[in-house]
Each structure stands twice: as structure tokens, then as C-alpha cells.
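Values in this document were obtained by computation on a predicted structure and should not be read as measured data.
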Amino acid sequence: SFLTEDLVPTDKDGTCRMQVEITGGSVPIRIPFTLIPKEGIRVISADDLALASKGATVSSDGEFAKESPCAGKVIDGVIPGSEDFDNKRWHSSLESPHPHWVEIKLPKVETIGSVIIHFADPKGYPVKFEGFVKPANGDERVSVFKVEANINPRKYAVTIDPVKTDTFRLVIYSSASSAFPNAAQIGEIELRPPAAK
């Protein structure tokens with residue numbers, strides 16, 4: 001017979017470290033092993049503030065008709081793989097040109113210290129984009145980062161000066177796809193508190 005410990009991710013990338021205990025003989029045998037998730041089944045960090053399951057909501061300037069409604073995919077906790085992204089992403093409308101935007105509203109004011117943006121289609125990732133927040137004590141959006149020439153097709157991560165806000169907006173000015181020049185798409189957006197010191 002055998003027993004396994006609970007299958008709970010122990011690392012931020014979703015890796016699970018486990019032990020199998022084989023019993024029935026005079027001495028139980030424990031065998032350690034590691035399960036590594038395939039791309040697309042990565043686990044969002046538990047400290048991500050921008051999850052629908054925590055009360056976050058999302059809006060956008062438009063959606064691709066064949067995948068609508070899809071804006072909610074950026075806060076569902078699922079990071080699509082590079083070959084498995086259809087219906088697992090926010091995809092802008094193809095009817096209007098850049099810039100496109102997607103905005104996350106948190107259920108209450110939080111302090112954000114970093115942003116991680118997971119892209120979807122590696123052939124259509126954002127190239128020029130900017131992140132804005134609406135500070136808790138103001139009505140105007142403030143830029144917290146701007147990228148002019150991104151070449152990473154999978155994700156963008158940035159540490160920002162800690163800011164209290166309940167609103168984050170990502171504006172995409174251009175994307176890598178030459179076949180669909182009006183398209184913008186995002187797999188997931190994480191908003192995290194400042195790292196503990």
C-alpha cells in the first residue's frame with residue numbers, strides 16, 4: 001500500500017515536492033519526488049491582489065467577438081501556455097486599432113509594489129505598452145512604468161515604487177503580430193504587494 005502527502009504546490013512556479021510512503025513490509029519506505037507542471041498550468045502567487053476570486057473586476061476597450069466575454073481571463077488565475085491560449089486570454093477587438101486597454105478594479109485600496117503581465121500568443125505579444133494606476137487620493141491616472149520595445153514574448157515583470165490604489169490600467173500601443181496589426185492580447189495580470197523587507 002502507499003500514502004501520499006497532500007498535492008499542494010510548494011514553489012511559486014507550481015512545482016510540488018512530495019513523498020510516497022510504501023508500507024506493508026517490516027519498515028516503511030519513503031520515496032521523495034517532484035512534480036513539475038507543464039507550461040500553461042502554472043500557479044499564480046497567493047499574494048496576487050488582482051484575482052476575481054478575491055473580488056477584483058475587469059473592463060476593457062473591447063473584445064474579440066469569437067472569444068467574448070474574455071476580459072475576465074486576465075484575473076482568473078490561469079496562465080495560458082504558448083501553444084494553448086485560445087479562450088484563455090483577453091483579446092482585443094480586431095475592429096479598432098491600437099491603443100487598446102484592459103483595466104483591473106480591486107475590491108479595496110491596496111498597496112502595489114510589483115506588476116507581472118503574462119502574455120498569450122507569442123506571435124502577438126505587446127511591444128509598446130504602459131501601466132497606469134489611479135492613486136487612492138486622486139482622480140487622475142499616473143504612469144508607473146512604460147515599455148518602448150519589449151522583445152520577451154512570454155511575460156513582463158516590474159517592481160514599482162509602492163503605491164496605494166484600487167485601479168490598474170494596462171494600455172497597449174503596439175503588438176508584435178504583423179498578420180493582425182490591430183490585435184492586443186493578455187493572458188494574466190498579477191498585482192502584488194511590496195516585497196517584505
Are Ile112 and Val158 in one and the same hydrophobic cluster, where Ile, Leu, Val, Met, Phe, Trp and Tyr link if side-chain heavy atoms are under 4.5 Å apart?
-> yes
State the OG1-CG distance between Thr111 and Leu191, to the nearest 0.5 angstrom.
-> 12.0 Å
Residues clustered with Phe132, ILVMFWY side-chain links under 4.5 angstrom | Trp101, Val171, Tyr173
Name the atoms and distances for all side-chain donor-acceptor pairs under 3.5 Å in residues 136-148, with sequence neighbours left out.
unit_1	atom_1	unit_2	atom_2	d
Arg141	NE	Glu103	OE1	3.2
Arg141	NH2	Glu103	OE1	2.8
Ser143	OG	Glu130	OE2	2.7

Output the distance between atom CZ (Arg192) and atom CD1 (Ile116), rounded to the nearest 0.5 Å.
-> 3.5 Å
Could you tell me the separation between the CG atom of Leu106 and the OG1 atom of Thr167, rounded to the nearest 0.5 Å?
-> 7.0 Å
Just wondering, do Phe119 and Pro153 contact through their side chains at under 4.5 Å, heavy atoms?
-> no
Of the options His98, His100, Lys128, which is the one that meets Ser175 in a side chain to side chain donor-acceptor pair (under 3.5 Å)?
-> His98
Polar side-chain atom of Lys54 near backbone of Asp48 as donor-acceptor pair, under 3.5 Å = yes
Counterpart residues, side-chain contact (heavy atoms from CB on, under 4.5 Å), relative to Asn182 (two or more places apart) = Pro97
Which residues pass the side chain to side chain donor-acceptor pair (under 3.5 Å) test with Ser96, sequence neighbours left out?
-> none
Test Phe168 against every option in Val58, Val133, Leu49 by the side-chain contact (heavy atoms from CB on, under 4.5 Å) rule and name the one that passes.
-> Val133
With rounding to the nearest 0.5 Å, note down the distance linking NZ in Lys155 to CD1 in Ile117.
-> 11.5 Å
Kindly write out the residues that satisfy side-chain contact (heavy atoms from CB on, under 4.5 Å) with Val127, not counting sequence neighbours, or none if the list is empty.
-> Tyr125, Ser174, Ala176
Heavy-atom neighbours of Phe180 CZ exceed 12 at 6.0 Å | no
How many angstroms lie between atom NZ of Lys73 and atom CD1 of Ile79, to the nearest 0.5 angstrom?
-> 14.5 Å
How close do Pro193 and Ser114 get, heavy atom to heavy atom, and via which atoms?
-> O-OG, 4.5 Å
Return the minimal non-hydrogen interatomic distance between Ala56 and Ile104, and the atom names on each side.
-> CB-CG2, 4.3 Å
Apply side-chain contact (heavy atoms from CB on, under 4.5 Å) to Pro181 and list each qualifying residue two or more places apart in sequence or on a separate chain.
-> none
Between Ile172 and Phe129, the two heavy atoms sitting closest are CA-CB, 4.0 Å
Is there a salt bridge (charged side-chain N to carboxylate O under 4.0 Å, His left out) between Lys108 and Asp166 once you walk through the steps?
-> CA-CA 6 Å; Lys108 63 186 178 69; Asp166 65 357; over 6 Å; no
Ile186 and Pro126 have their tightest heavy-atom pair at CD1-CG, 3.8 Å
Can you measure from CG (Asp61) to CH2 (Trp90) and round to the nearest 0.5 angstrom?
-> 5.5 Å
